[in-house]
Amino acid sequence: MDRWKGRVALVTGASVGIGAAIVKSLVQHGMKVVGCARNLEQIEKLAAECVSSGFSGTLFPYKCDLTVEDEVLSMFSWIKVQHQGIDVCINNAGLALPEPLLSGKTSGWKNMMYVNVFGLSLCSREAYQSMKERYIDDGHIININSTSGHRVVNNADVHFYAASKYAVTALTEGLRQELRKARTHIRATCISPGFVETEFAYRLYSQNPEKAEAAYKSIKCLQADDIANAVVYVLSAPPHVQIGDILMRPVEQLT
Ligand SMILES: NC(=O)c1ccc[n+]([C@@H]2O[C@H](COP(=O)([O-])OP(=O)(O)OC[C@H]3O[C@@H](n4cnc5c(N)ncnc54)[C@H](OP(=O)(O)O)[C@@H]3O)[C@@H](O)[C@H]2O)c1
């Protein structure tokens, strides 16, 4: 990770869960990290934690709603002014809402598409343009996908979510192909976790927190740090190694 010291990473969905764990790990490794989400206060707390832990990097909290294109573009303009640009983009923000295909609300579908697919695509495009204009040839775009990006489980609550994560699988491979065509060594990778104990299921089942609790208690889940470790592994790979996808399940997870 030495080559990333002092360089700039953007982590979306930095306020809690997997994003917060990734932020801490990258700051610990000496990176300048712009962490964005809607809950700025939470990211500010994380920044204070990074300082009190004596980590060698810095977290710069930024408030951004990824469903609003202007906010995303303003964030990239701010990054350009404050930090010249970014070298690593971690598209982590994401959500599932229980909106089945036969009866779900359009607003819920839109929310999932705007964050999981459009937000991720906007950030990837802007990150690449930022790297290109500064002649950065060793950047990395990492998408936090899901096992739901690879198989459809028999649960109507997550069918639309799965569709949005299948899109992430296609987008990551599409990015890899376009990067090859552009003759750059910038890499695109996705990490596809199974159950991770975060706020994710509580947000999915906000009307029924017992269901979320039961899901997380049913097996020994992955922890957010397990995913942060995978990010560090991806960023540490030698420059000629293109990791496409890391699928990681809890040992006890069946599907
Ligand atoms: N937990 C799991 O079991 C699991 C499994 C596989 C994949 N994943 C994926 O892992 C990623 C992180 O999930 P997590 O488990 O850490 O979930 P989480 O604890 O619910 O965190 C989700 C993050 O996304 C951010 N976010 C949501 N909507 C946003 C918006 N409109 N604009 C900006 N940020 C937004 C949230 O920040 P604010 O609310 O502050 O905006 C939060 O930081 C997601 O892509 C998820 O699909 C999770």
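Residue indices begin at 1 and follow the sequence shown. Atoms within each ligand, like the ligands themselves, are counted from 1 in listed order.
Comment: Lys211 engages Asp157 in a salt bridge, judged by a side-chain N to carboxylate O separation of less than 4.0 angstrom. Looking at Lys24 and Asp225, no side-chain N of the basic residue comes within less than 4.0 Å of a carboxylate O on the acidic one, giving no salt bridge. Between Arg134 and Asp87, at least one side-chain nitrogen of the basic residue sits less than 4.0 Å from a carboxylate oxygen of the acidic one, meeting the salt-bridge criterion.
Ligand 1 has Tyr161 within reach: a non-hydrogen atom of the residue lies less than 4.0 Å from it. Between Thr12 and ligand 1 there is no heavy-atom distance shorter than 4.0 Å. Ligand 1 has at least one atom lying under 4.0 Å from a heavy atom of Lys165. Remark: distances from the non-hydrogen atoms of Cys221 to ligand 1 are all 4.0 Å or more. At least one heavy atom of Asn145 sits less than 4.0 Å from an atom of ligand 1.
Taking only non-hydrogen atoms, the option from Ile191, Ile144, Val16, Leu222 nearest to atom 10 (O) of ligand 1 is Ile144.
Close N/O approach between Ile18 and ligand 1 is found [any backbone or side-chain N/O within under 3.5 Å]. Close N/O approach between Gly19 and ligand 1 is not found [any backbone or side-chain N/O within under 3.5 Å]. Looking at Ala37 next to ligand 1, no N or O pair under 3.5 Å apart turns up.
Proximity of Arg203 to ligand 1, defined as any heavy-atom pair under 4.0 Å, is confined to the side chain (atoms from C-beta onward). Of the heavy atoms in Val115, only side-chain atoms (C-beta onward) come closer than 4.0 Å to ligand 1. Both the backbone and the side chain of Asn92 come within 4.0 Å of ligand 1, judged by heavy-atom distances.
There is a side-chain donor-acceptor pair under 3.5 Å between Gln177 and Glu173.
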